[in-house]
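Start at 1 and go down the list; that is how both ligands and their atoms are numbered.
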Amino acid sequence: MGVSRGGFSSRFGFIMAAAGSAVGLGNIWGFPTQTASNGGAAFVLVYLVLAFCLAYPAFMAELLIGRYGQANAVSSMQKIARNTWQKRFGFVVGFGGIICAALILSFYSIIAGWMMSYAIEPLARLAGFAGAADWLINHSLIRNILFTAFFMGLTIFIIRRGVEEGIEKWSKRLMPMLIGLLILLIIYVFTLDGAREGFNAYLNPDISRVFEPDLLISALGQAFFSLSLGTSVMIIYGSYIAKKENLVTLGAQVTLIDVSIAFLAGLLIIPAMYVAQAQGVAIFAEDGSLISGSNLVFTVLPALFSGMGDVGLFVAFGFFVLMSIAALTSSISMLEGPVSYVVERHDTPREKATTFIGLGILVLSILIVINLEWMLDFVATLSTQYGQPIIAMLCCVFAGWVWHRSDILSEIKQGNEHVEHSLFWKIWPWYTKFVCPTAIGLVFWHSL
Ligand code: TRP
């Protein structure tokens, strides 16, 4: 191998990086829209339970595999495997995750590009360039390609610098900014008319909906997407953590941050929707269902911002910068998956590997941009609704059935001397062996 791998230099650095991967458009855009279209607080409740009971154990499986292997996803899995079949199985799961991360990045960067163009628009308007401002928020092929490339360029720039100087340094800068911006925006929206109604819709659960199958499936899918599971990313981030760290607690902290930010984002978006409604913007379609998806972020919210007058320009700027930051700390982790694989398995310098893989994924993104109507949805469904749950499930199967129990236990014990008395120690091994794969499988089966 001969290449120095690098690693996170501090606990805080790891938490910010892993939370940065987890906190993305899924939290700030996906979670609130899912909540609003699935019965408000009932969805929040189910989401919280599933995130801690199913997503967290699966998340721990990936982190533990990575820290044990101290290598990219494929090599880490293969280090655990003991015979040829198991090694093949490890390859399929590890490499599948890497492909999945690349596919997600290919469409994620397009949406992130939109966020950036919407962030620059208010600046152009303030500076008096009305024509440029209009161009920035009108979907055109050329704008889409330019901004996708711009966003991918930023991602490549950070990943070229490696773990400590790239991922860690930028996550430590960007994540606190994101949290600060989010809180400022929430406070501001709360002072507006209509916010209270949104607040109530968000926090009063309609308990009768809690067991609706659709709601359960959406909540589980959201929890897996949000923790970036099934994409090899957490295996790689796990491999950059020092053996002296207590992984069980670190994993729990990251899950907690991820869930809290999703919750906070709901506190911003849902009241903002009701504020928009109070100002006469339509937020429900004619059949009473919520206008969600891209329309919510790119039409409802901008309509709200422009109704605010000049302040709206600043609020719009803040909001779309928030979205762009969230997207960037996620996209760097997606690129790290394939890059670490090529660097370690094919002895390629990091800079070169990053540039080539990044540009390769950009080509795919441009292909998607050109065929936006069908391809965006297709790639998103393939990678997030099929790829992620299947690979996350196989990771649990791998940890539960292939990995020697004594090796797992000694890995858990690293950096955590007293773990033997904890609930995690008693429950997690059989939980990952039986409960996680079955539950993920059931929910996945049902979603078909
Ligand atoms: N967790 C990210 C979000 O909430 C999205 C995501 C899904 C992701 N899979 C990933 C990020 C893999 C990094 C790697 O938006």
Q70 and S76: side chain donor to acceptor below 3.5 Å: no
Identify, chain by chain and in numerical order, each protein residue with a heavy atom under 4.0 Å from an atom of ligand 1. S21, A22, G24, L25, G26, N27, I104, Y108, F225, S226, S228, T231, V233, S330, S333, M334, Q388
More than 12 foreign heavy atoms under 6.0 Å from CZ of R143: is that the case here? yes
Are side-chain heavy atoms of K169 and E164 found at a separation under 4.5 Å? no
What I want to find out is whether R173 reaches E168 closely enough, with some N-O distance under 4.0 Å, to be called a salt bridge. no
Residue set satisfying salt bridge (charged side-chain N to carboxylate O under 4.0 Å, His left out) with E212, at least two apart, ordered chain then number -> R209
side-chain contact (heavy atoms from CB on, under 4.5 Å), paired with V189, selected from V315, L304, I270, L268: L268
